[in-house]
Amino acid sequence: MRCGNLRLKQEFYHKDAVQAAKDLLGKIIVRKYDGKTIKVKIVDTEAYCGAEDKASHAHNNKKTKRTAPMFKVGGHAYIYLIYGMYYCLNVVTAAENNPHAVLIRGVEPLEGLNYIQENRQIKSSKIEDLTNGPGKLSQALKIDKSLDGCNLVENSSLYIIDGGTEEFEIESSPRINIDYAEDYKDKKWRFFIKNNKYVSK
DNA sequence: AGCGTGATGGTCT
DNA sequence: GACCATCACGCTA
């Protein structure tokens, strides 16, 4: 059985972002800080696929201070600030210098909901509003630049483990808010678990 | 339920 | 100086 809550190994990340985006659904992100532990299930992802993908920050192999983590070997984190206030968490995949990454867009709380609520001060009383979006879940897990570029295979405060053996159906759609991506904007590189309420809006 | 809007700052040209 | 892989809230209905 492969329901042992084992940390994903280096090899898991050695694949293109589209395949990884599908394979990451149902996996569990573990976040530890200040002696607290939060666990969430990945339910919504987007693939950003190498130099040719016009939607990607690494389009044309654009390597800058910000995008450098995308060029690392699969299994690292790429975290960036968006709109001046929110962080987005990505899982880098594929080989070194082949900039693939999977944006995590939605997660379902499994453990440490009290800590998630403490990190998210909103009026909505709906639990799903705590983690159904890339900026929301980063805030919920207290993820910021300090974790940018960290190694998910070795790091002890942020990593990913195998999920359970439950069955689910995967749906796909175009990616969100990439109107600038021309012929790449309609590619169905967003993947999410069908009928899961923690999928982003 | 859906739309409009303001918040807010790092990054790159 | 413009651009963002966003979000929350308040307003209409």
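Residue numbers start from 1 in every chain, and the chains themselves are labelled A, B, ... in the order their sequence lines are given, proteins ahead of strands.
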For the residue pair [Y] / [X], report whether a side-chain donor-acceptor contact shorter than 3.5 Å exists.
X: A:N132; Y: A:S200; result: no
X: A:D23; Y: A:Q19; result: yes
X: A:E11; Y: A:Y13; result: no

Interface limits on DNA chain C, where chain A has a heavy atom under 4.0 Å of a nucleotide atom: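 Going 5' to 3' along DNA chain C, contacts run C:dC4 to C:dG10.
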Atom pair CZ/CG of A:F191 and A:L25 - distance to nearest 0.5 Å: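 If I round to the nearest 0.5 Å, the distance is 8.5 Å.
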Under 4.0 Å protein heavy-atom contacts per nucleotide of nucleotides 4-13 of chain B, with B for base, S for backbone only and - for none: ---BBBSSS-
Nearest-nucleotide comparison on DNA chain C, the residue closer to the 5′ end among A:K123 and A:N177: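 Closer to the 5' end of DNA chain C: A:N177.
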Carboxylate-amine/guanidinium contact A:K36 A:E118, below 4.0 Å: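 A:E118 and A:K36: salt-bridged.
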Within the 4.0 Å heavy-atom criterion, would you say [X] contacts the bases, only the backbone, or no part of the nucleic acid?
X: A:A181; answer: nothing
X: A:R190; answer: nothing
X: A:N90; answer: base

Note, A:V40 side chain near A:E108 side chain (heavy atom, < 4.5 Å):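 They are not in side-chain contact.
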Residue pair A:P109 / A:Q117, side-chain heavy-atom distance below 4.5 Å: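 No, side chains not in contact.
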Tell me, please, whether [Y] has [X] positioned over its six-membered ring: NZ or CZ under 6.0 Å from the ring centre and within 45 degrees of its axis?
X: A:R31; Y: A:Y115; answer: no
X: A:K187; Y: A:Y184; answer: yes
X: A:K194; Y: A:F192; answer: no

Base-paired stems that DNA chain C participates in, counting runs of 3 or more Watson-Crick or G-U pairs under 3.5 Å: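 The stems that DNA chain C takes part in, listed by first number, are B:1-7 with C:6-12, B:9-12 with C:1-4.
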